[in-house]
Amino acid sequence: MALHSTRRSLQTFVRQARPVCECAKPRTSSIRQFSVSRSKRDVEYETEGEHRPRWSYTPEKMKAPYPWRIKDTERKWECNSDPMRLDHFYVKLLGRGGDQVLTDEVKWLAITHKSFDQGRRGFNDRLAFFGRRILNLQTNIALLQSPIANQTHSSGDASDDRLPFAHPSLQGLSNLTNAPISEILTKERLGPLATQMGMRDIMRWTPRNVNKMESSGIDVVLTTSLYAIIGAIALQKGGDVAARVAREKVLKPLGIL
């Protein structure tokens, strides 16, 4: 009996004197807590975006965590961000009330090139594709109806005594071959026309070299924006309005009509 009591006392003494490892202790304070709720930054991003138009800022989730390109102050390029200047351009281009033809978002999208802000605010490639088809069609119609057709067509071979079929509706067909549309609607002609309209001052793009605009392709960007405006008008106001704008604002100043 005394032996059992002595053994219990010895075990209790050893248990109390045994060193306890720090890692064996429960450490509830160091356990990381996970949550399925959104972070505060995401909530701020959504609430701030509701108060700002889409064209005026770059979405936070499309930005890199750090800039990967070194900023060169000598090559810094500033684009227009004033809605008043943009409205003045549309009034000058489309006439009185021209600033109300398109919505605010589409007005900025039509003059935004994909080089601006890495295309993160949208760009006008698709609008330009549609607008170019409309302008090409109106140019072909103008060439078919041109009175110069009878004077510009070739007489053919003098030794050939055959008489081709003639009809008043077909008199302008020779204009489509003698004056290809690719030689009429060129960037060398449409670019200066867009510059006269004041598009260079409100267009949003990033040149490759700010000191050499021509080699950076400014005529191509101006032509693309001009096409995009016609395409945007066709989508929002219909093909008849876009065709009238193409004839009066582009073809007539070029001397085609």
Side-chain angles (χ1 to χ4, degrees), residues 49 51-58 77-117 119-139 141-142 184-207 213 216-257:
H51 302 287
R52 292 184 296 173
R54 176 67 178 83
W55 58 265
S56 63
Y57 70 100
T58 303
W77 179 258
E78 295 291 342
C79 295
N80 174 50
S81 59
D82 186 7
M84 298 296 294
R85 294 180 61 185
L86 183 67
D87 290 341
H88 179 71
F89 162 75
Y90 278 102
V91 170
K92 182 179 179 181
L93 173 63
L94 303 176
R96 185 177 181 180
D99 55 334
Q100 304 296 329
V101 175
L102 303 174
T103 60
D104 291 339
E105 186 66 29
V106 177
K107 283 192 295 186
W108 286 102
L109 184 65
I111 50 94
T112 302
H113 189 252
K114 58 185 176 183
S115 61
F116 175 75
D117 198 18
R120 293 177 294 186
R121 304 191 198 183
F123 46 90
N124 57 8
D125 276 9
R126 295 185 178 182
L127 293 177
F129 177 84
F130 188 35
R132 183 174 183 176
R133 297 299 174 271
I134 296 175
L135 189 58
N136 287 353
L137 174 61
Q138 295 303 317
T139 304
I141 295 175
I184 297 176
L185 299 178
T186 61
K187 62 179 181 178
E188 290 79 13
R189 302 188 68 185
L190 295 178
L193 177 63
T195 302
Q196 295 177 3
M197 299 175 181
M199 188 181 294
R200 182 177 291 203
D201 298 331
I202 54 91
M203 184 176 57
R204 299 201 298 180
W205 73 303
T206 302
M213 291 297 179
S216 297
I218 187 171
D219 288 338
V220 177
V221 179
L222 288 169
T223 304
T224 302
S225 299
L226 188 60
Y227 286 144
I229 292 175
I230 297 176
I233 294 175
L235 290 176
Q236 293 207 335
K237 296 299 180 180
D240 293 339
V241 179
R244 184 170 66 251
V245 171
R247 292 192 301 266
E248 297 179 358
K249 305 301 180 180
V250 179
L251 299 183
K252 186 176 293 185
L254 292 178
I256 300 175
L257 290 179

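The model shown is predicted, which means the values in this text are computed figures rather than measured ones.
- I111 places none of its side-chain heavy atoms less than 4.5 Å from the side chain of N124.
- Between M213 and W205 the shortest heavy-atom distance is SD-CZ2, 3.7 Å.
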Expected list for residues 86-96: side-chain donor-acceptor pairs under 3.5 angstrom, two or more places apart:
residue : atom : partner : partner atom : Å
D87     : OD1  : K107    : NZ           : 2.6
Y90     : OH   : K107    : O            : 2.9
K92     : NZ   : Q196    : O            : 3.3

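- One N or O on the side chain of S115 and one on the backbone of T206 form a donor-acceptor pair closer than 3.5 Å.
- Every residue two or more places apart in sequence or in another chain that forms a side-chain contact (heavy atoms from CB on, under 4.5 Å) with T139 is listed here: L135, L143, I181, I184, L185, L251, I256.
- Separating the CG atom in D125 from the CG atom in L109 is a distance of 10.0 Å, to the nearest 0.5 Å.
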Just distance, no hydrogens or angles: give the donor-acceptor pairs under 3.5 Å from side chains in residues 234-241, sequence neighbours left out.
residue : atom : partner : partner atom : Å
Q236    : OE1  : T103    : N            : 3.3
Q236    : NE2  : T103    : OG1          : 3.4

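- Considering every non-hydrogen atom in both P83 and S81, the closest pair reads CD-O, 3.4 Å.
- How far CG of L102 is from CD1 of I229: 8.0 Å, rounded to the nearest 0.5 Å.
- Atom CE in M197 sits 5.5 Å away from atom CG in L226 (nearest 0.5 Å).
- Residues forming a salt bridge (Lys or Arg N to Asp or Glu O under 4.0 Å) with D201 (at least two apart in sequence, or on another chain): none.
- Nearest heavy-atom pair, A228 versus A110, reported as atom, atom and distance to 0.1 Å: CB-O, 3.4 Å.
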Query raised in the report: Under the side-chain contact (heavy atoms from CB on, under 4.5 Å) criterion, do Y227 and V250 qualify, and how do the steps go?
Result: CA-CA 10 Å; Y227 286 144; V250 179; over 6 Å; no
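- The OG atom of S225 sits 12.0 Å away from the CZ atom of R200 when rounded to the nearest 0.5 Å.
- Residue pairs meeting the side-chain hydrogen bond (donor to acceptor under 3.5 Å, both in side chains) criterion with at least one partner in residues 245-255, sequence neighbours excluded, are Q138-R247.
- Relative to the six-membered ring of F129, R133 meets both conditions, a distance below 6.0 Å and an angle of at most 45° to the axis.
- E78 is linked by a salt bridge (Lys or Arg N to Asp or Glu O under 4.0 Å) to K76, counting only residues two or more places apart in sequence or in another chain.
- The line from NZ of K187 to OG1 of T224 is 10.5 Å long, rounded to the nearest 0.5 Å.
- Side-chain contact check for V245 versus V101: every heavy-atom pair is 4.5 Å or farther apart.
- When all heavy atoms are compared, the tightest approach of R204 to N80 is CD-O, 3.7 Å.
- The line from CG of L222 to CG of L193 is 10.0 Å long, rounded to the nearest 0.5 Å.
- Side-chain N or O atoms of R189 include one that pairs as donor or acceptor with a backbone N or O of L254 at under 3.5 Å.
- Residues G191 and D219 share a closest heavy-atom pair of CA-OD1, 4.1 Å.
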